[in-house]
Protein chains: 2
Amino acid sequence: MALRYAVLGLLSKAEMSGYDLTQRFTQEVSHFWNAHHTQIYRELQKLEDEGLLHHQVVEQSDRPDKKIYSLTDAGLEALLTWLSESPKPPKMKNESLLRVSLFHLIPPERAIAFLEESKRAHQEIISLMNLWKQEHFPDDHPVPQEIGEYLTIEYGTRFVQTWIDWCEFAIGVFSKLR
Amino acid sequence: MALRYAVLGLLSKAEMSGYDLTQRFTQEVSHFWNAHHTQIYRELQKLEDEGLLHHQVVEQSDRPDKKIYSLTDAGLEALLTWLSESPKPPKMKNESLLRVSLFHLIPPERAIAFLEESKRAHQEIISLMNLWKQEHFPDDHPVPQEIGEYLTIEYGTRFVQTWIDWCEFAIGVFSKLR
DNA sequence: GAATCATATGTGAGTTTGCACATATGGACG
DNA sequence: CGTCCATATGTGCAAACTCACATATGATTC
């Protein structure tokens with residue numbers, strides 16, 4: 001039920017195509033939401049059927065034509081209504097932690113290797129996030145219209161850094177066991 | 001596809017009923033996985049059909065009878081195989097951050113109220129987690145068999161604390177705007 | 001000239017998940 | 001005696017999601 005509001009939310013900032021939305025979901029927005037492109041196209045169809053969106057076809061010469069979607073008044077209203085509701089408690093699904101919870105089943109060396117690899121991967125992610133931050137907020141100071149992006153990317157980096165720090169902690173715990 | 005391994009994982013530590021599993025999912029395991037009880041009962045059925053589990057009915061006089069599930073050899077093998085595979089990158093779904101990304105649409109007072117409430121709720125959660133920690137690891141030192149639980153609860157508290165700290169940061173940003 | 005890539009939009013089929021509802025036992029509480 | 005609570009296990013249906021596959025355009029690359 002929340003994907004629709006992620007879509008409406010992105011479209012409230014700028015009208016765009018399903019392809020553009022897919023890019024956003026795999027890039028800027030990926031640290032708090034994700035969706036497969038097939039799901040996005042179906043959701044756009046549904047939202048248009050409900051009158052929350054409409055689209056216009058843009059013909060392109062060098063690329064395939066595209067459909068640019070934008071919010072209707074009803075769409076903006078639905079988004080604002082949802083924003084005023086209280087959020088449900090989040091439902092965690094962390095496959096890495098699920099594996100960690102079973103680390104008593106494998107030798108410490110394997111556990112350490114897993115953690116080292118995870119740490120390395122997240123260090124790469126945080127580098128990319130920091131680059132994005134510097135590009136978009138070079139003065140570390142958002143304009144009011146971009147405050148949401150500023151705060152969510154800030155949370156994103158803190159979240160990843162917490163994981164990296166915890167990996168080091170966990171590696172330390174296993175190292176003492178060996 | 002990962003719920004099955006969460007179930008097999010819990011059963012690898014101790015045999016138990018679907019009801020017991022449901023309790024675990026809403027308590028100890030809730031900081032990294034969740035599942036509705038209807039989903040658990042269906043998964044148990046499926047895993048048994050595949051020969052990864054079997055059960056025995058335990059008759060009780062003061063309560064309804066129950067089915068105690070335990071791993072078969074094939075079940076343990078499947079779990080170990082999965083543990084040796086590399087994890088897929090996590091797919092984030094954070095409804096609170098989705099709302100935050102749209103905070104330019106609401107007045108700063110409402111944004112601050114949202115963040116204050118979220119912070120308060122997470123402070124309650126972290127209190128409960130710390131109590132649990134003190135009960136299970138009073139010396140802050142796990143036995144090898146419990147290292148997974150020790151590390152995951154440690155991550156859980158760090159994760160929640162990161163959210164609380166970020167809430168304070170975000171409240172500060174909005175306060176300057178007002 | 002062929003193969004590949006980025007752009008662009010989808011369908012069909014299956015799996016996973018969530019929600020409402022159903023059923024049953026025995027203890028506790030008023 | 002009735003109601004509620006914790007225990008215990010499910011079904012039916014709908015929504016959300018994933019994966020494989022399908023199609024088309026024009027630019028780039030070999």
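The chains referred to below are lettered A, B, ... by the order of the sequence lines, with proteins before strands, and numbering in each begins at 1. Since the structure is predicted, the reported quantities are computational estimates derived from the model, not experimental observations.
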5' priority, DNA chain C, between A:Q23 and B:E43 [closest heavy atom]
A:Q23
Distance in angstrom units between A:Q27 CD and C:dA6 P, rounded:
12 Å
Find the distance B:R63:CZ to D:dA8:P and express it as a whole number of Å.
5 Å
To check you understand the geometry: which heavy-atom pair defines the closest contact between B:V160 and B:I126, and what is its length?
CG1-CB, 4.0 Å
Where each residue is assigned the nucleotide of DNA chain D containing its nearest heavy atom, which of B:Q45 and A:S61 is assigned the position nearer the 5′ end?
B:Q45
What is the distance from CD of A:E59 to P of D:dT25, rounded to the nearest Å?
13 Å
Go through D:dA27, C:dT7, D:dA8 for me and flag the one nearest to the B:K66 side chain.
D:dA8
Taking only side-chain nitrogens and oxygens of A:Y41, does any of them come within less than 4.0 Å of OP1 or OP2 of C:dG10?
no
According to a strict under-4.0 Å criterion, is B:Q60 in side-chain N/O contact with OP1 or OP2 of D:dA8?
yes
A:K91 side-chain N/O to C:dT17 phosphate OP1/OP2 under 4.0 Å:
no
Can you tell me whether the side chain of B:T38 and the base of C:dC19 have a donor-acceptor pair closer than 3.5 Å?
yes
Once you round it to whole Å, what is the distance between P of C:dT7 and NE2 of A:H37?
14 Å
Euclidean distance, atom CE of residue B:M16 to atom P of D:dA8 [Å, nearest integer]
13 Å
Quick one: is B:K46 getting a side-chain N or O under 4.0 Å of the C:dT15 phosphate, OP1 or OP2?
no
Does C:dT9 have OP1 or OP2 sitting under 4.0 Å from an N or O in the side chain of A:Y19?
no
Hey, can you tell me if A:Y41 and A:H37 have their rings parallel, tilted or perpendicular (30° and 60° cut-offs)?
perpendicular
Which of D:dT25, C:dT9, D:dG10 is nearest the side chain of A:P64? It is D:dT25
Under 4.0 angstrom between B:K93 side-chain N/O and D:dC17 OP1 or OP2
yes
What is the separation between atom CG on B:D20 and atom P on D:dT7, rounded to the nearest whole Å?
9 Å
Presence of donor-acceptor pair under 3.5 Å, side chain of A:R42 and base of D:dT18:
yes
Does this structure show an ion pair linking B:R120 with B:E116, if we count only N-O contacts that are shorter than 4.0 Å?
no
To the nearest angstrom, the CG-P distance between B:L44 and D:dA8 comes to 14 Å
Return whichever of B:K88 or B:H36 has its heavy-atom-nearest nucleotide of DNA chain D closer to the 5' end.
B:H36
Please check if B:L11 and B:I68 belong to a single hydrophobic cluster, counting links between Ile, Leu, Val, Met, Phe, Trp and Tyr side chain heavy atoms closer than 4.5 Å.
no
Looking at D:dA16, I'd like to know if its phosphate oxygens (OP1 or OP2) sit under 4.0 Å from a side-chain N or O belonging to A:Q39.
no
Shared hydrophobic cluster, A:F114 / B:L80 (ILVMFWY, side-chain heavy atoms < 4.5 Å)
yes
Would you mind reading off the distance between B:I68 atom CD1 and D:dT9 atom C1', rounded to a whole angstrom?
13 Å
Would a single hydrophobic cluster contain both A:F169 and A:W163, if residues Ile, Leu, Val, Met, Phe, Trp and Tyr are joined by side-chain heavy-atom contacts under 4.5 Å?
yes
